[in-house]
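Step one of this worksheet: look at the structure below.
Residue numbers start from 1 in every chain, and the chains themselves are labelled A, B, ... in the order their sequence lines are given, proteins ahead of strands.
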Protein chains: 2
Amino acid sequence: MKIGELAKLSGLSAHTLRFYEKQGLIQASARSESNYRVYSQGDLATAKFIKRSREMGFSLEEVEVFLSIRADKPAHVCREAKDIAQLKITDVQQKIDDLQQVLVALHKLSDACCGGNESAEFCSIIEALEDGEGLSLAHSTQTHVLAKEQQA
Amino acid sequence: MKIGELAKLSGLSAHTLRFYEKQGLIQASARSESNYRVYSQGDLATAKFIKRSREMGFSLEEVEVFLSIRADKPAHVCREAKDIAQLKITDVQQKIDDLQQVLVALHKLSDACCGGNESAEFCSIIEALEDGEGLSLAHSTQTHVLAKEQQA
DNA sequence: CTTGACCCTAGAGTATACTCTAAGGTCTAA
DNA sequence: TTAGACCTTAGAGTATACTCTAGGGTCAAG
């Protein structure tokens with residue numbers, strides 16, 4: 001199959017597939033006479049493997065490791081895969097904890113405000129951000145919990 | 001005070017303060033003869049305001065709105081501030097929900113694996129990523145929940 | 001009068017993962 | 001034969017928020 005079909009079947013875009021190829025994650029098993037990428041069922045499996053890994057929150061770098069384990073399983077041990085998964089779990093748990101603290105602080109901020117068409121002269125949100133009272137965010141490992149996610 | 005002192009007192013770096021100035025968030029109230037930025041107590045309050053807002057998860061764009069409300073409160077209403085806070089709450093809650101789903105899937109993935117020095121030939125992590133069974137991630141509003149955060 | 005700590009600017013670099021563009025070639029069906 | 005859908009490449013652009021560099025000026029202490 002050509003890249004368009006692989007894209008459809010894998011759920012990744014053709015652009016993304018070419019990008020992954022550049023990153024060394026997946027290669028077309030052949031090229032047609034006209035230099036089109038030709039993919040096999042195995043390539044489809046690989047594409048899906050990558051997609052699933054990404055959905056689980058693994059970075060491309062981590063996916064690369066999984067792929068190399070997958071490519072030669074006898075040469076690797078379970079620990080290698082589990083270590084990555086465990087680190088990711090810790091990471092995700094930390095993010096959740098941080099976000100939960102932010103959420104509590106946000107609720108405090110928001111709940112105190114009437115939210116109406118009243119002048120903001122005494123808006124409790126602005127006031128709270130000004131004096132910082134009652135908004136304590138226990139310091140987590142990540143200073144700017146959300147900073148890294150605001151590209152959504 | 002000069003930028004170094006403001007940095008110390010506000011907890012923002014001098015670099016960041018200059019960056020925020022470029023973004024129009026904060027201005028030095030004056031310049032010295034040698035063209036050094038000179039900040040007032042009010043500027044310190046503004047710097048802290050920005051820092052607190054960032055810690056609450058607001059983007060620079062959102063902080064800008066807060067600052068403009070703060071700069072002329074009578075010209076604004078509470079709703080403007082509360083709307084931003086509410087949107088952020090929804091946003092954060094969504095992120096938490098998504099991460100929680102990822103966490104559950106990650107646990108499933110990891111718990112099934114022995115994690116030992118056994119050959120990865122039958123590693124359940126790799127297998128699960130291959131066939132995608134039992135890893136269902138209900139589709140949330142954000143396809144790649146973690147994709148945006150992996151710059152941590 | 002020199003050292004070291006500070007300050008200035010404009011602009012480039014960092015992180016991650018795409019996403020798109022330009023300029024062109026290929027293929028299929030009407 | 002021509003439109004339209006597909007494919008190719010290299011490389012630039014996008015998002016956000018910094019973070020750093022180069023090259024230079026300022027200032028107080030010893």
Side-chain angles (χ1 to χ4, degrees), chain A residues 1-28 30-39 43 47 50-65 88 91 95 142-152, chain B residues 1-28 30-39 43 47 50-51 53-65 67 88 91 95 142-152:
Chain A
M1 73 188 93
K2 283 179 289 178
I3 200 166
E5 202 182 342
L6 180 62
K8 229 173 274 172
L9 295 180
S10 68
L12 297 166
S13 78
H15 274 305
T16 297
L17 286 165
R18 288 194 203 97
F19 170 71
Y20 285 170
E21 180 178 300
K22 229 187 290 181
Q23 305 305 301
L25 296 182
I26 189 172
Q27 269 70 233
R31 287 287 181 133
S32 74
E33 278 181 28
S34 47
N35 201 32
Y36 288 6
R37 289 168 180 83
V38 174
Y39 296 97
D43 295 332
I50 297 172
K51 184 164 189 250
R52 263 181 228 113
S53 302
R54 291 289 297 126
E55 284 168 354
M56 303 285 295
F58 295 107
S59 69
L60 294 187
E61 208 178 332
E62 288 160 340
V63 174
E64 220 180 318
V65 178
K88 186 59 56 181
D91 185 38
K95 279 186 212 299
Q142 296 179 284
T143 309
H144 293 298
V145 187
L146 276 163
K148 298 128 199 237
E149 309 165 26
Q150 279 163 354
Q151 318 140 49
Chain B
M1 73 186 93
K2 284 180 289 179
I3 200 166
E5 203 183 341
L6 181 62
K8 228 173 277 173
L9 296 180
S10 68
L12 296 167
S13 78
H15 274 307
T16 298
L17 285 165
R18 286 193 204 98
F19 169 72
Y20 285 171
E21 181 178 298
K22 229 188 287 179
Q23 305 305 301
L25 296 182
I26 189 172
Q27 269 69 233
R31 287 288 180 131
S32 74
E33 278 181 27
S34 47
N35 200 32
Y36 287 7
R37 288 169 181 83
V38 174
Y39 295 97
D43 295 332
I50 296 172
K51 186 167 187 245
S53 302
R54 290 289 298 124
E55 285 168 354
M56 302 287 294
F58 296 106
S59 68
L60 294 187
E61 207 178 331
E62 289 160 339
V63 175
E64 219 180 319
V65 178
L67 283 170
K88 186 59 58 181
D91 184 37
K95 279 186 213 297
Q142 295 179 285
T143 310
H144 294 300
V145 187
L146 275 164
K148 298 128 198 239
E149 308 164 26
Q150 279 161 352
Q151 319 140 51

Discussion item. Whole angstroms only, please: what is the CD1-P distance between B:Ile26 and D:dC18?
Written reply: 13 Å
Worksheet item: Would the number of heavy atoms belonging to other residues, nucleotides or ligands and lying under 6.0 Å from CD of B:Gln27 be above 12?
Response: yes
Worksheet item: For the side chain of B:Ile3, counting heavy atoms from C-beta on, which of C:dC8, D:dA17, D:dT19 is nearest?
Response: C:dC8
Worksheet item: How many Å lie between CD on A:Glu5 and C1' on D:dA5, as a whole number?
Response: 14 Å
Worksheet entry | Length of the NZ-C1' vector between B:Lys8 and C:dA5, whole Å | 10 Å
Practice prompt. Could you state the atom-to-atom distance from CG of A:Leu60 to P of C:dA15 in whole Å?
Written response: 14 Å
Discussion item. For the CD1 atom of A:Ile50 and the CZ atom of A:Arg52, what is their distance to the nearest 0.5 Å?
Written reply: 11.0 Å
Fill in: Test side chain to side chain contact (heavy atoms under 4.5 Å, CB included) applied to B:Gln23 - qualifying residues, sequence neighbours left out
B:Phe19, B:Leu25
Worksheet entry | Main-chain N/O of A:Tyr36 paired with A:Lys2 side-chain donor or acceptor, under 3.5 Å | no
Worksheet item: Has B:Tyr20 got a side-chain N or O lying under 4.0 Å from the OP1 or OP2 atom of D:dC18?
Response: yes
Worksheet item: When you match B:Ala14 and A:Ser13 each to their closest nucleotide on DNA chain C, which lands nearer the 5' end?
Response: B:Ala14
Response to the item:
Separation of C:dC20 atom C1' from A:Leu12 atom CG, nearest Å, is 17 Å
Which atom pairs link the protein and nucleotides 9-13 of chain D when you take only N or O atoms and keep those under 3.5 Å?
{"residue": "D:dT9", "atom": "OP1", "partner": "A:Arg31", "partner atom": "NH1", "Å": "3.2"}
{"residue": "D:dT9", "atom": "OP1", "partner": "A:Arg31", "partner atom": "NH2", "Å": "3.0"}
{"residue": "D:dT9", "atom": "OP2", "partner": "A:Arg37", "partner atom": "NH1", "Å": "2.8"}
{"residue": "D:dT9", "atom": "OP2", "partner": "A:Arg37", "partner atom": "NH2", "Å": "2.5"}

Discussion item. Can you pull out every salt bridge (charged side-chain N to carboxylate O under 4.0 Å, His left out) where at least one residue sits in residues 10-22 of chain A? Sequence neighbours excluded, please.
Written reply: A:Glu21-A:Arg31, A:Glu21-A:Arg37
Worksheet, complete the sentence: Atom CZ of B:Phe19 and atom P of D:dT16 are separated, to the nearest Å, by 11 Å
Worksheet item: Whole-Å distance between D:dC6 C1' and A:Tyr39 OH?
Response: 14 Å
Response to the item:
Heavy atoms of A:Val63 and A:Ser53 approach each other most closely as CG2-CB, 3.6 Å
Compile the donor-acceptor pairs under 3.5 Å between side chains in residues 6-17 of chain A and protein atoms, sequence neighbours left out, one pair per line.
{"residue": "A:Ser10", "atom": "OG", "partner": "A:Leu6", "partner atom": "O", "Å": "2.7"}
{"residue": "A:Ser10", "atom": "OG", "partner": "A:Ala7", "partner atom": "O", "Å": "3.4"}
{"residue": "A:Ser10", "atom": "OG", "partner": "A:Leu12", "partner atom": "N", "Å": "3.1"}
{"residue": "A:Ser13", "atom": "OG", "partner": "A:His15", "partner atom": "N", "Å": "3.4"}
{"residue": "A:Ser13", "atom": "OG", "partner": "A:Thr16", "partner atom": "N", "Å": "2.9"}
{"residue": "A:Ser13", "atom": "OG", "partner": "A:Thr16", "partner atom": "OG1", "Å": "2.9"}

Could you pull out the protein-nucleic contacts involving nucleotides 25-28 of chain C (nitrogen or oxygen on both sides, under 3.5 Å)?
{"residue": "C:dG25", "atom": "N2", "partner": "A:Tyr36", "partner atom": "OH", "Å": "2.8"}
{"residue": "C:dT26", "atom": "O4'", "partner": "A:Tyr36", "partner atom": "OH", "Å": "3.0"}
{"residue": "C:dC27", "atom": "OP1", "partner": "A:Ser34", "partner atom": "OG", "Å": "3.0"}

Worksheet item: To the nearest Å, how far apart are B:Gln23 CD and D:dT19 P?
Response: 13 Å
